[in-house]
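The structure appears right after this line, and notes come after that.
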Protein chains: 2
Amino acid sequence: MTYICIMYEKKLPVDLQCGLHLFMEVMSGKWKIALIWCIHLGIKRPGELHRRIPKASRRILDTQLKQLTTLGIIDKTVFEQLPLKVEYELTALGETLIPVIETTAQWGEKHRAILEPFFLNPAVK
Amino acid sequence: MTYICIMYEKKLPVDLQCGLHLFMEVMSGKWKIALIWCIHLGIKRPGELHRRIPKASRRILDTQLKQLTTLGIIDKTVFEQLPLKVEYELTALGETLIPVIETTAQWGEKHRAILEPFFLNPAVK
DNA sequence: TCAAGTACGGCTAAATTTAGCCATATCAGA
DNA sequence: TCTGATATGGCTAAATTTAGCCGTACTTGA
């Protein structure tokens with residue numbers, strides 16, 4: 001079966017020589033980290049995810065959830081009942097991401113004091 | 001001293017609750033991983049970096065080198081001689097990134113077989 | 001003096017991602 | 001029957017990042 005994927009069809013080639021590029025391709029997307037982490041914490045339903053991440057529009061959360069599903073990081077279960085009920089959960093592959101995320105998060109926390117000022121006020125040093 | 005930073009001045013706020021967001025902010029940029037890794041391997045001069053990463057334009061490499069410098073990941077040394085000579089090297093902060101990069105790269109390599117097809121041929125399953 | 005090397009900046013267009021609006025359908029409860 | 005909750009899609013504009021062109025200045029060597 002052939003179908004149009006929701007991933008933007010890139011006109012410029014992607015480089016994947018190094019494994020970190022693969023990681024970055026998976027994680028890049030403004031809300032993917034938050035989504036993965038919320039699902040890891042047990043927040044499974046799209047409505048509740050949206051309430052937990054209120055700054056993101058419903059639209060972009062859907063888009064990125066779909067991308068993560070396509071990549072095999074999360075699974076989507078549609079309960080065939082009315083009203084519709086949907087749940088997301090991490091796949092086995094998604095679970096392997098958790099310790100890696102923790103490693104990078106620890107790095108970020110450790111150096112937060114140095115890094116944060118540049119992002120909060122990038123125009124002035 | 002106040003100066004205009006080369007970072008794009010964002011009109012939408014950035015979220016940094018979690019340390020992983022800090023890591024992602026530092027690493028995001030198409031060529032930053034390659035730049036950090038090359039510098040880690042001892043390739044120090046801008047011209048040689050460009051020859052090692054020929055697919056990137058000189059312009060964008062300069063831009064991302066400057067961003068990494070601003071963030072304190074690399075240091076730039078200008079030798080006051082003519083013709084000009086410039087060298088980059090990792091700062092202490094940049095060095096702390098190496099084991100983290102290795103962790104994420106290992107994750108990517110381990111799952112390359114599953115992930116790669118989605119990026120190489122995203123339009124068809 | 002011309003080409004080629006060093007390094008750097010301005011500027012604009014293209015590519016890519018994100019935001020935000022409007023609309024669908026079904027169900028439960030007031 | 002009106003409101004609000006469930007979940008989802010089409011579409012376009014805005015925001016952001018990357019690519020690519022042209023130009024600067026200095027040096028060395030042919």
Side-chain angles (χ1 to χ4, degrees), chain A residues 3-15 21 24-35 43-51 53-71 74 76-88 119 122-123, chain B residues 3-15 21 24-35 43-51 53-70 76-88 119 122-123:
Chain A
Y3 64 92
I4 301 301
C5 177
I6 44 82
M7 311 284 283
Y8 183 99
E9 196 166 345
K10 290 179 196 288
K11 298 181 181 171
L12 300 173
V14 185
D15 256 325
H21 278 107
M24 294 295 288
E25 283 293 323
V26 172
M27 301 303 286
S28 74
K30 191 164 175 177
W31 307 102
K32 283 187 190 159
I33 301 166
L35 287 171
I43 300 163
K44 306 181 166 204
R45 307 198 45 194
E48 184 157 10
L49 285 166
H50 190 201
R51 280 188 293 275
I53 311 173
K55 287 187 220 166
S57 73
R58 196 266 312 162
R59 205 73 190 75
I60 191 62
L61 288 186
D62 281 358
T63 303
Q64 302 200 345
L65 283 166
K66 213 166 287 185
Q67 291 172 354
L68 290 171
T69 305
T70 301
L71 291 171
I74 60 179
K76 176 181 181 175
T77 308
V78 180
F79 293 85
E80 290 301 348
Q81 48 176 243
L82 288 174
L84 226 49
K85 180 180 170 182
V86 171
E87 281 189 4
Y88 292 99
F119 297 117
Chain B
Y3 63 93
I4 301 301
C5 174
I6 44 81
M7 311 284 283
Y8 182 99
E9 195 166 345
K10 291 179 196 287
K11 297 181 181 173
L12 300 174
V14 185
D15 257 325
H21 279 107
M24 293 295 289
E25 284 292 323
V26 171
M27 301 303 287
S28 73
K30 191 163 175 176
W31 307 102
K32 283 186 189 159
I33 301 165
L35 286 171
I43 300 163
K44 305 184 168 204
R45 306 197 47 193
E48 184 157 8
L49 285 166
H50 190 200
R51 279 188 293 276
I53 312 174
K55 286 187 222 167
S57 73
R58 196 266 311 162
R59 204 72 190 74
I60 190 62
L61 288 186
D62 281 357
T63 303
Q64 303 199 345
L65 283 167
K66 211 168 286 185
Q67 292 172 353
L68 290 170
T69 305
T70 301
K76 175 180 180 175
T77 308
V78 181
F79 294 86
E80 291 300 347
Q81 48 177 244
L82 288 173
L84 227 48
K85 178 181 171 182
V86 170
E87 281 189 2
Y88 293 99
F119 297 117

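Numbered from 1 within each chain, the chains take letters A, B, ... in sequence-line order.
- Summary for the helix from C:dT1-D:dA30 to C:dA30-D:dT1: the axes at its two ends, each from 5 pairs, differ by 20° when rounded to the nearest 10 degrees.
- The structure places NZ of B:K32 at 9.0 Å from CD1 of B:I60, a figure rounded to the nearest 0.5 Å.
- Positionally, the nearest nucleotide of DNA chain C for B:V78 lies more toward the 5' end than for the other of A:S57 and B:V78.
- Judged by distance alone, with hydrogens and angles left aside, the side-chain atoms of B:H21 form no donor-acceptor pair with the main-chain N or O of A:A34 at under 3.5 Å.
- In terms of phosphate contacts, B:K76 brings a side-chain nitrogen or oxygen within less than 4.0 Å of OP1 or OP2 of C:dC8.
- Close to C:dT17, at under 4.0 Å from its OP1 or OP2, lies no side-chain N or O of A:Q64.
- Qualifying side-chain hydrogen bond (donor to acceptor under 3.5 Å, both in side chains) partners for B:R45, counting only residues two or more places apart in sequence or in other chains: none.
- One atom, CG of A:L65, and another, P of D:dT8, lie 9 Å apart when rounded to the nearest Å.
- Shortest non-hydrogen contact noted between B:L84 and B:F79 is CD1-O, 4.2 Å.
- Here D:dG20 presents its C1' atom at 11 Å from NE2 of B:H50, a figure rounded to the nearest Å.
- Here the OG1 atom belonging to A:T69 is positioned 3.5 Å from the CD1 atom belonging to A:I74, to the nearest 0.5 angstrom.
- Atom C1' of nucleotide C:dC8 and atom CG of B:L61 are separated by 13 Å, given to the nearest angstrom.
- Spacing between atom CG of A:L35 and atom P of C:dT18 amounts to 11 Å, rounded to whole angstrom units.
- Here A:W31 does not reach the OP1 or OP2 of C:dT17: none of its side-chain N or O atoms lies under 4.0 Å away.
- Atom CD of A:E87 is separated from atom C1' of D:dT6 by 13 Å (rounded to the nearest Å).
- A donor-acceptor pair shorter than 3.5 Å cannot be found between the side chains of B:Q64 and B:K30.
- Between C:dT17 and A:Q67, no contact under 4.0 Å exists linking OP1 or OP2 to a side-chain N or O.
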Quick one, give me the B/S/- string for nucleotides 21-30 of chain D, reading 5' to 3', where B means a protein heavy atom under 4.0 Å from the base and S means that only happens at the primed atoms, P, OP1 or OP2.
B----SS---
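- Taking side-chain N and O atoms only, A:K66 has a distance below 4.0 Å to OP1 or OP2 of D:dG9.
- Across C:dT6, C:dC8, C:dT18, the shortest atom-to-atom separation from the side chain of A:I60 is found for C:dT18.
- Salt-bridge formation is not detected for the pair B:K66/B:D62: no Lys NZ or Arg NE/NH1/NH2 atom is positioned less than 4.0 Å from an Asp or Glu carboxylate oxygen.
- Protein atom CZ of A:R45 is 10 Å distant from nucleotide atom P of D:dT8, rounded to whole Å.
- Distance, A:L84 CG to D:dA7 C1': 6 Å, rounded to whole Å.
- In this structure, A:K44 is not positioned above the aromatic face of A:Y88 in the sense of NZ or CZ being under 6.0 Å from the six-membered ring centre and within 45° of the axis.
- Of the inter-residue distances, the one linking A:Q67 atom CD with A:S28 atom OG reads 8.0 Å to the nearest 0.5 angstrom.
- Rounding to whole angstrom units, CG of residue B:D62 and P of D:dG20 are separated by 15 Å.
- Nearest approach of A:V86 to A:P46, heavy atoms of both residues: O-CD, 3.4 Å.
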